[in-house]
Colleague: 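Dropping the structure in here first, questions after.
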Amino acid sequence: MESTKTIVFRKPITVGQDEGKKTYESLQLREPTAAEYEAAEKLSLEYGMAAPLIAGVSGVPLDVVDQMFESQINEAEDFLGSFGANLVSPKKASANELKISLVAPVKLTEDDSALNVSTLTLCEPTNLQRRKSREAGGPVAQAIELISLNAHIPKASVRAMCARDFLAATGYFNGFQLRRRTDRGG
């Protein structure tokens, strides 16, 4: 799996006017964070999820992404999806507890702080945790809230998680829906 991807535009894209005018010839992508998914989700009603995520991860303005060709948007989506989008839809029911060693440990401070996380210990969520997480907003915001509540870590730490770690935790919680269906015979 590539850790970064550069997409070179077939023709330069210019945005802005006068002194603020800037031309882009490419953009560079890397693995998204949970915070970038959350920021994209907030803009998704207006732009869809892909464009704000590509803009957020690459650091280019949304106007640049709007001018990209569809095939290049698809290329960017394929790359961003390669970091574990398949983890969100588990194929089997989740166990009562799970310990995840983070692929990319979160280190937000230099000292020994609760903000720094290298493992997550998760368990089946309570009704109260699910209810509180539903108040957080869209699906990504809900997942951030649920991971924070369940693992007893700050939301800032969850937001700093790389896509693979965030999606693995999200998939674990989604696995309880499979278990519910399995318990009912189908």
Side-chain angles (χ1 to χ4, degrees), residues 1-7 24 26-66 68 73 75-90 98-122 125 129-175:
M1 172 187 319
E2 297 175 63
S3 62
T4 63
K5 180 170 190 69
T6 300
I7 296 178
Y24 297 84
S26 65
L27 61 75
Q28 176 120 11
L29 297 169
R30 57 163 171 70
E31 183 171 7
T33 64
E36 289 165 333
Y37 283 124
E38 184 179 38
E41 179 178 68
K42 289 177 182 174
L43 296 171
S44 68
L45 285 177
E46 185 174 350
Y47 295 97
M49 188 74 170
L53 185 59
I54 293 166
V57 169
S58 69
V60 304
L62 205 50
D63 291 344
V64 171
V65 179
D66 271 347
M68 289 172 62
I73 297 286
E75 183 181 355
E77 284 182 293
D78 289 347
F79 174 76
L80 294 172
S82 72
F83 290 101
N86 59 335
L87 296 171
V88 176
S89 301
L98 176 69
K99 188 170 193 162
I100 299 173
S101 293
L102 300 184
V103 172
V106 173
K107 185 146 177 69
L108 297 179
T109 65
E110 292 302 317
D111 59 343
D112 189 18
S113 164
L115 291 169
N116 301 327
V117 179
S118 60
T119 60
L120 285 181
T121 302
L122 302 171
Q129 289 171 341
R130 285 279 190 192
R131 189 167 48 82
K132 283 187 174 186
S133 70
R134 282 193 292 273
E135 296 169 3
V140 174
Q142 289 177 30
I144 289 170
E145 181 74 21
L146 185 57
I147 294 166
S148 173
L149 289 169
N150 193 274
H152 306 286
I153 62 171
K155 283 187 266 189
S157 300
V158 179
R159 286 183 176 106
M161 285 180 179
C162 72
R164 289 170 287 173
D165 294 329
F166 173 67
L167 296 173
T170 301
Y172 170 72
F173 292 125
N174 290 344

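Quantities reported herein were computed from a predicted structural model and do not represent experimental measurements. For this chain, numbers begin at 1 and follow the sequence in order. Values below: every heavy atom of this structure, side chains too, minus hydrogens, waters and symmetry copies.
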Colleague: Taking C-beta and beyond as the side chain, do Y24 and P61 meet within less than 4.5 Å on heavy atoms?
Modeller: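 When only atoms from C-beta onward are counted, P61 and Y24 do touch, with a gap below 4.5 Å.
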Colleague: Is a donor on one side and an acceptor on the other found under 3.5 Å between the side chain of S148 and the backbone of I153?
Modeller: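 Pair found, side chain donor or acceptor close to backbone of I153.
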Colleague: How far apart are the C-alpha atoms of I144 and V140, what are their side-chain angles, what is the distance that settles it, and do they pass the side chain to side chain contact (heavy atoms under 4.5 Å, CB included) test?
Modeller: CA-CA 6 Å; I144 289 170; V140 174; 4.1 Å; yes
Colleague: Looking only at non-hydrogen atoms, find the nearest pair between V106 and A160 and report the distance.
Modeller: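 Reported closest heavy-atom pair: CG1-CB, 3.7 Å.
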Colleague: Please check this pair: side chain of S157 against backbone of L115, looking for a donor-acceptor N/O pair closer than 3.5 Å.
Modeller: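 Checking the backbone N and O of L115 against the side chain of S157, a donor-acceptor pair under 3.5 Å is found.
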Colleague: Give, for atom CE of M161 and atom OG1 of T170, the distance between the pair rounded to the nearest 0.5 Å.
Modeller: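 Output value for this atom pair is 9.0 Å.
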Colleague: With rounding to the nearest 0.5 Å, note down the distance linking CG in N150 to CZ in R130.
Modeller: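 So the CG of N150 and the CZ of R130 are separated by 9.0 Å.
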Colleague: Give, for atom CG of L27 and atom CG of L29, the distance between the pair rounded to the nearest 0.5 Å.
Modeller: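 Between L27 CG and L29 CG, I get 5.0 Å after rounding to 0.5 Å.
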Colleague: Decide yes or no for L108 and S113: does some side-chain heavy atom of the first lie under 4.5 Å from some side-chain heavy atom of the second?
Modeller: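 With C-beta onward as the side chain, the pair stays apart.
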Colleague: Taking C-beta and beyond as the side chain, do V65 and Y47 meet within less than 4.5 Å on heavy atoms?
Modeller: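 V65 does not reach Y47 side chain to side chain.
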Colleague: So, taking the atom named CZ in R131 and the one named CG in L149, what distance separates them when rounded to the nearest 0.5 Å?
Modeller: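 Interatomic distance, R131 CZ to L149 CG, rounded to 0.5 Å: 11.0 Å.
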Colleague: For the atom pair NZ (K99) and OH (Y172), what is the distance rounded to the nearest 0.5 Å?
Modeller: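 So the gap between those two atoms works out to 13.5 Å.
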Colleague: Determine, step by step, whether Q142 and E135 satisfy the side chain to side chain contact (heavy atoms under 4.5 Å, CB included) criterion, reporting the C-alpha distance in whole Å, the side-chain angles of both residues, the deciding distance to 0.1 Å, and the verdict.
Modeller: CA-CA 7 Å; Q142 289 177 30; E135 296 169 3; over 6 Å; no
Colleague: What is the minimum heavy-atom distance between F83 and E2, and which atoms define it?
Modeller: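 Minimum heavy-atom separation between F83 and E2: CZ-O, 3.6 Å.
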Colleague: Would you indicate whether the side-chain heavy atoms of F166 and T33 approach each other to under 4.5 Å?
Modeller: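 The answer is no, as the side chains (C-beta and beyond) never meet within the 4.5 Å cut-off.
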Colleague: Can you give me the closest heavy-atom contact between E38 and A141, atom names plus distance?
Modeller: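 What the structure gives for the nearest pair is OE2-CB, 3.9 Å.
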Colleague: Check R159 with E36, please: is the shortest side-chain N to carboxylate O separation under 4.0 Å?
Modeller: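 No salt bridge links E36 with R159.
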Colleague: Taking the side chain as everything from C-beta on, heavy atoms only, tell me whether Q129 gets closer than 4.5 Å to E145.
Modeller: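 No; the side chains remain at least 4.5 Å from each other.
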Colleague: Walk me through it: do T109 and D111 pass the test side-chain hydrogen bond (donor to acceptor under 3.5 Å, both in side chains)?
Modeller: CA-CA 6 Å; T109 65; D111 59 343; 2.7 Å; yes
Colleague: Mind listing the closest non-hydrogen atom pair of E31 and A163 along with its distance?
Modeller: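 Nearest pair, atom of E31 first, then A163: OE2-N, 3.2 Å.
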Colleague: Side chains of T119 and L102: closer than 4.5 Å at any heavy-atom pair?
Modeller: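 T119 does not reach L102 side chain to side chain.
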Colleague: Determine whether Q28 and S58 satisfy the following criterion, side-chain hydrogen bond (donor to acceptor under 3.5 Å, both in side chains), listing intermediate values before the conclusion.
Modeller: CA-CA 5 Å; Q28 176 120 11; S58 69; over 6 Å; no
Colleague: State the CG-CG distance between L98 and L120, to the nearest 0.5 angstrom.
Modeller: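 So the CG of L98 and the CG of L120 are separated by 8.5 Å.
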Colleague: Can you name the nearest heavy-atom pair linking I73 to A50, along with the distance?
Modeller: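 That would be CG2-CB, 4.5 Å.
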Colleague: Side chains of L80 and P32: does their closest heavy-atom pair fall under 4.5 Å?
Modeller: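 The answer is yes; the side chains approach within 4.5 Å.
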Colleague: Taking all non-hydrogen atoms of both residues, which atom of I147 and which atom of A169 are closest, and how far apart?
Modeller: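 What the structure gives for the nearest pair is CD1-CB, 3.6 Å.
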Colleague: Report yes if some heavy atom in the side chain of F173 is under 4.5 Å from a heavy atom in the side chain of P125; otherwise report no.
Modeller: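 They are in side-chain contact.
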